[in-house]
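What follows is a set of notes on a single structure, which appears directly below.
Owing to the predicted nature of the structure, the values given are computational and were not obtained by experimental measurement. Counting starts at 1 for both ligands and their atoms, following the listed order. FYI, side chains are in, hydrogens and waters are out, and symmetry mates aren't considered; it's all heavy atoms of this structure.
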Amino acid sequence: MTPDLSREGLVALLRLEDFSPVYEEADRVRREAVGDAVHIRALLEFSNHCRRKCAYCGLRAPRRDLPRYRMTPEEILSSVRAAWAVGYRTIVLQSGEDPWYTPALLGEIVREIKKATGMAVTLGCGELSREAYAALRQAGADRYLLKHETADEDLYQSLHPDGTLRERVHCLRTLKALGYETGSGFMVGLPGQTLDVLAKDLLLLGDIPCDMAGIGPFLPHPETPLKGAAPGSAELTRRCVALARLLLPRANLPATTALTVRGDNGRVFSGGANVVMRKITPNAYKRQYEIYPAQLPDTDIPAQRALLEDQIRSLGRVPL
Ligand code: SAM
Ligand code: SF4
């Protein structure tokens with residue numbers, strides 16, 4: 001099939017009654033462009049402090065009831081070493097927007113990780129200045145994740161009292177220009193979102209153009225203004241991942257944790273995904289990094305890595 005990937009074409013594809021030919025095409029394109037590997041990344045959520053007020057997020061600054069934590073550089077390094085020891089080769093360091101970690105301190109942490117393990121370092125710490133992004137790149141950071149969240153300006157504004165879509169996209173272009181492997185992405189099922197908005201989301205990924213794209217369902221958190229909203233659909237999320245694969249054949253597309261929470265069980269891997277992240281956040285902190293409600297198992301770095309490798313092999317794919 002030759003799918004029409006224009007804005008109107010994407011809407012029509014998202015609306016299809018039978019999407020299976022598109023999943024098959026996405027799987028074929030994935031195999032041809034990036035092969036059968038599934039890259040397993042270690043995800044360390046090192047601080048749940050955040051200065052922003054994103055309407056959907058359980059870490060938003062106005063939440064006074066949430067105990068906040070910051071991992072020390074030593075704690076971070078010790079978790080990273082544990083992941084390295086069982087075969088992880090990429091560490092994703094994620095946090096709220098927490099200026100306590102200055103670019104100098106974050107840079108020092110990145111340097112230490114590089115020195116101790118040589119792992120690829122991905123950062124996901126929100127919007128920073130060009131100077132800060134440049135200093136972190138200089139320190140050795142390889143990749144940066146900053147989802148655009150929604151490509152519709154009005155919807156973006158209604159969800160983000162302290163930011164604009166323009167600034168978000170500007171950050172993404174800056175990251176790209178600085179030589180980061182750049183990851184964006186968006187949530188599926190945000191209240192007020194239409195299929196046309198999702199088509200714009202998909203096209204924006206291509207416009208940056210992104211090297212990675214995290215596409216996950218919106219999950220309502222009871223302590224946020226969106227507590228009464230319905231969760232995003234797993235099927236619609238999988239459709240967006242498949243279309244992202246057609247638009248960006250060589251991109252790294254994760255099966256997001258939020259999709260697993262919606263019961264995906266790995267189906268997304270047969271429709272274009274080729275990356276998965278496993279939380280290695282210590283148990284003392286893990287449940288406080290509650291961006292949305294989820295039943296999280298205790299962290300067991302070696303056992304969870306081994307289980308994931310088995311699950312990937314059982315799908316006929318190659319864990320890396
Ligand atoms: N603070 C950084 C940022 O916003 O880019 C990184 C951490 S933030 C918790 C990571 C991602 O969580 C966001 O990009 C957003 O897409 C996702 N997220 C937050 N709240 C969510 C929710 N209720 N449902 C699904 N995803 C959510
Ligand atoms: Fe903070 Fe990121 Fe959550 Fe927004 S999505 S409130 S920036 S942690």
(message) If the threshold is 4.0 Å, N to carboxylate O, is there a salt bridge linking Lys200 and Asp196?
(response) no
(message) Salt bridge check, Lys286 against Glu45: does any charged N sit closer than 4.0 Å to a carboxylate O?
(response) no
(message) Assess whether a salt bridge exists between Lys227 and Glu223, defined as any Lys/Arg side-chain N lying under 4.0 Å from an Asp/Glu carboxylate O.
(response) no
(message) Less than 4.0 angstrom from a charged side-chain N to a carboxylate O is my criterion; do Asp300 and Arg305 meet it?
(response) no
(message) With heavy-atom distances below 4.0 Å as the criterion, list the atoms of ligand 2 near Gly96.
(response) 8 (S)
(message) List ligand 1 atoms under 4.0 Å from Tyr289, heavy atoms only on the residue side.
(response) 7 (C), 9 (C)
(request) Tell me which protein heavy atom sits closest to atom 22 (C) of ligand 1, plus the residue, atom name and distance to 0.1 Å. (result) Leu219 O, 3.5 Å
(message) Any protein heavy atom at under 4.0 Å, with atom 11 (C) of ligand 1 as the reference point?
(response) no
(request) Only heavy atoms count here, so choose which of Gly58, Ser95, Gly185 is nearest to atom 7 (C) of ligand 1. (result) Ser95
(message) Is the contact between Arg52 and ligand 1 made by the side chain, the backbone, both, or neither, using heavy atoms and a 4.0 Å cut-off?
(response) neither
(message) Heavy atoms only, cut-off 4.0 Å: how does Ala258 contact ligand 1, side chain, backbone, both, or neither?
(response) neither
(message) For atom 4 (Fe) of ligand 2, what is the closest protein heavy atom, and at what distance to 0.1 Å?
(response) Cys54 SG, 2.3 Å
(request) Could you see which bit of Pro220 sits under 4.0 Å from ligand 1, with heavy atoms only: side chain, backbone, both or neither? (result) neither
(request) Tell me which protein heavy atom sits closest to atom 3 (Fe) of ligand 2, plus the residue, atom name and distance to 0.1 Å. (result) Cys57 SG, 2.4 Å
(message) Please list the nearest protein heavy atom to atom 25 (C) of ligand 1 with its residue and the distance rounded to 0.1 Å.
(response) Pro217 O, 3.4 Å
(request) Answer side chain, backbone, both or neither: which part of Glu149 comes under 4.0 Å from ligand 1, heavy atoms only. (result) side chain
(request) List every atom of ligand 1 that sits less than 4.0 Å from any heavy atom of Tyr56, numbering the atoms from 1 in the order shown and giving each element. (result) 19 (C), 20 (N), 21 (C), 22 (C), 23 (N)
(request) Please work out whether any backbone atom (N, CA, C, O) or any side-chain heavy atom from C-beta onward of Tyr292 is under 4.0 Å from ligand 1, and answer side chain, backbone, both or neither. (result) side chain
(request) Could you check if a side-chain atom of Tyr23 sits within less than 4.5 angstrom of a side-chain atom of Val268, using non-hydrogen atoms only? (result) no
(message) Tell me whether Arg51 is salt-bridged to Asp98, with the criterion being a basic N under 4.0 Å from an acidic carboxylate O.
(response) no
(message) Check this for me: does any side-chain nitrogen of one of Glu127 and Arg52 sit under 4.0 Å from a carboxylate oxygen of the other?
(response) yes
(request) Check the pair Tyr56 / His221 against ring-ring contact (aromatic ring centres under 6.0 Å, His included), numbers first and verdict last. (result) CA-CA 7 Å; Tyr56 42 81; His221 189 293; over 10 Å; no
(message) Under 2.8 Å from atom 1 (Fe) of ligand 2, is there any N, O or S atom belonging to Cys50?
(response) yes
(message) Could you identify the single nearest non-hydrogen protein atom to atom 9 (C) of ligand 1 and state the distance to 0.1 Å?
(response) Ile291 CG2, 3.2 Å
(request) Can you spot which of Thr90, Thr182, Asp211 makes a side-chain hydrogen bond (donor to acceptor under 3.5 Å, both in side chains) with Arg143? (result) Thr90
(request) Find all atoms of ligand 1 within a distance of less than 4.0 Å from any non-hydrogen atom belonging to Gly124, and give their numbers and elements. (result) 6 (C)
(request) On the 0 to 90° scale, with breaks at 30° and 60°, tag the Tyr285-Tyr69 ring pair as parallel, tilted or perpendicular. (result) parallel
(request) For the pair Glu25 and Arg30, find out whether any cationic side-chain nitrogen is under 4.0 Å from an anionic carboxylate oxygen. (result) no
(request) Starting from atom 26 (N) of ligand 1, find the nearest protein heavy-atom neighbour and note its residue, name and distance. (result) Met187 SD, 3.5 Å
(message) Please list, in number order, the atoms of ligand 1 under 4.0 Å from a heavy atom of Arg168.
(response) 3 (C), 4 (O), 5 (O)
(request) Would you mind checking if Asp298 and Lys279 are paired as a salt bridge, meaning a charged N to carboxylate O distance below 4.0 Å? (result) no
